[in-house]
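Accompanying notes for the structure given below.
Each ligand, and each atom within it, is numbered from 1 in the order the structure gives.
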Amino acid sequence: MSYKLPGKKSRGLLNRGLPHLRNGLWYQGASQKSSGRGFQAPAQMIVGRAEGDYVWDMDDNRFIDFQSGWATNPLGNCHPEIIEAVHAAHRQYGFQWEHPLRIPLAEKLAELMPARALPRFTFEVSGTEAVESAIHLALCHTRRRYIISFTSCFHGEGLGTKMVSAYNSNNNLYMEGWAGGVLKAPYPYSENIPAGMNQQQYEEYCLWFLETHIPDYVVPAENVAAILIEPGLAEGGNWIPGTAFLQGIRRICDRFDWLMIADEVLTGLGRTGRMWSVEHYDVVPDILVAGKNLSGGIEPCAGVAARDEILGDNPRATAGSTFAGTPAGCAAAMKTLEIYERDGIVENAAALGELAAQRMSDWGSRYDIVGQVRTLGLLMGVSFRAPEGVAEDFYVSRSVRDEMLQRGVWAICDNEAQVRMYPALNMDREVLLRGLDLMEEAIDEVQRKGITVGDYPAMPSGNVGF
Ligand SMILES: Cc1ncc(COP(=O)(O)O)c(C=O)c1O
């Protein structure tokens, strides 16, 4: 089976969007250029409907969903109980700021936070807003100027979150002046490590950079407010840090009295097989940012949890836009957490993660084009490398992702030379394995066929055509 993508209806709609949507003209130009040279345009589709483990495009082609609304549908697509809870909240409150649901939800979240050490919560609409709110909170609480973030990290698309993100040097072009309070440190990658270091040496170097390089040569320690880290770096390449690194960060924060902010927007609420990714590392941050899964895949809900004294009484750190913590968003989150408990969702994610890791464990040795398989629970990525002189790594990954899509499996390949997969935490076991079988077929095909430099236009970040 191989879908020809985009299908007729998806293509028609994409064409309608070309003159109106961001990057529409770019996509048109790039597609024309590649087809003019006899190459295939990137496979693309638009979702016509979604249910459980699957999505269907406008042309009714069915796909196993490893994309999950960009890791945002923890219980599969359109979970009926969450939809019902959201409808009930809409019927009862419509939109009100002063509704009662924030309080029981904040109580529940306090119970779930690592070591129950972060009892206060402030609501925001999106992960972007929540990270910005956490940064503001850290600066106001410590009365210091600097935030340390990491290479390849992604924290959102607001002005502040763009400044702390660093997955691409072009990202902050023309905005350099706004990033005066941001220091970027190296993230401990496990591939393409510089200067012939092994992974452990590189992690030690990354910690040295934080503990010695910054305070001794960049800014005084007493002017750094916080280290902001993704404990499992997702958008920028599915990098899974070692225990020594996360524990090292906690130790350095304690030593210099810096706050540790864990951005768990993507890794949180079961994605990695623990409720919070920091729990794998036995580390408790001072501030934790949550989003994505909290929506149950239905209605946005995000926010910031913090230690009592940080979020308890700080009039300078204002937060919360009009739609932060809507009745429907809170209802979605409460129902989601109820189902997590009732159905053992986090344990299930851990078991599925193990199954998937086993299924992919020999890909690195069997396929030359596979770099590393990197997983933590259902935070899953496979990096690819091009055979010598044939094409750039990124295009190999893009080809694998496209071959997957044509076989009916929807995964992500955007900025990095890898394919990322975020299946629902309750995905049917057989569907997960079937998706991985088809992924292996796709890898096999790309390895056999090869690709040529320039086959594919590079993509802007995000969803092409939108
Ligand atoms: C780690 C992380 N932080 C923050 C965000 C931004 O969240 P949102 O897109 O909901 O604004 C994302 C989004 O992908 C993310 O992965």
Side-chain angles (χ1 to χ4, degrees), residues 22 66-74 122-138 147-168 171 182 184 187 226-241 246 249 260-272 276-278 285 287-305 319-321 323-326 329 332-333 336 374 376-381 411-416 418 420-422 460-463 466:
R22 185 175 67 90
F66 279 178
Q67 204 255 20
S68 284
W70 296 86
T72 298
N73 302 336
T122 180
F123 287 91
E124 301 290 350
V125 181
S126 64
T128 297
E129 277 190 339
V131 174
E132 298 202 348
S133 177
I135 292 171
H136 187 212
L137 182 63
I147 298 288
I148 299 173
S149 65
F150 292 90
T151 50
S152 293
C153 66
F154 178 74
H155 297 289
E157 291 289 359
L159 190 54
T161 37
K162 276 191 165 115
M163 296 304 98
V164 286
S165 297
Y167 59 80
N168 181 325
N171 241 171
V182 182
K184 304 250 167 87
Y187 199 85
I227 296 184
L228 167 65
I229 182 148
E230 286 173 78
L233 194 153
E235 289 278 338
N238 235 81
W239 301 103
I240 316 289
L246 261 281
I249 287 192
M260 177 177 182
I261 308 174
D263 178 351
E264 294 247 20
V265 168
L266 197 147
T267 52
L269 292 153
R271 169 58 53 203
T272 67
W276 308 105
S277 182
V278 286
I287 299 176
L288 184 149
V289 190
K292 288 196 185 263
N293 281 350
L294 198 54
S295 68
I298 306 296
E299 195 72 21
C301 189
V304 180
S321 56
F323 294 110
T326 58
T336 301
R374 295 195 283 269
L376 188 62
L378 291 173
L379 181 79
M380 309 198 299
I412 299 173
C413 172
D414 47 5
N415 292 298
E416 296 289 316
Q418 66 170 292
R420 297 186 284 132
M421 291 91 72
Y422 303 125
S461 63
N463 226 344
F466 295 92

Scan side-chain atoms only and decide if E132 and T161 contain a donor-acceptor pair under the 3.5 Å cut-off. yes
Side chains of E299 and T326: is there a donor and an acceptor less than 3.5 Å apart? no
Can you confirm whether L246 sits close enough to M260 that some side-chain heavy atom of one is under 4.5 Å from a side-chain heavy atom of the other? yes
The reported gap from CD1 in I148 to CD1 in I227 (rounded to nearest 0.5 angstrom) is 4.5 Å
For a quick check: using heavy atoms under 4.0 Å, what are the residues in contact with ligand 1, sorted by chain and number? S126, G127, T128, F154, H155, G156, E230, E235, D263, V265, L266, K292
All salt bridge (charged side-chain N to carboxylate O under 4.0 Å, His left out) counterparts of E235, not counting sequence neighbours: R420
Distance in Å, I249 CD1 paired with F150 CZ, rounded so as to fall on 0.5 Å steps: 4.0 Å
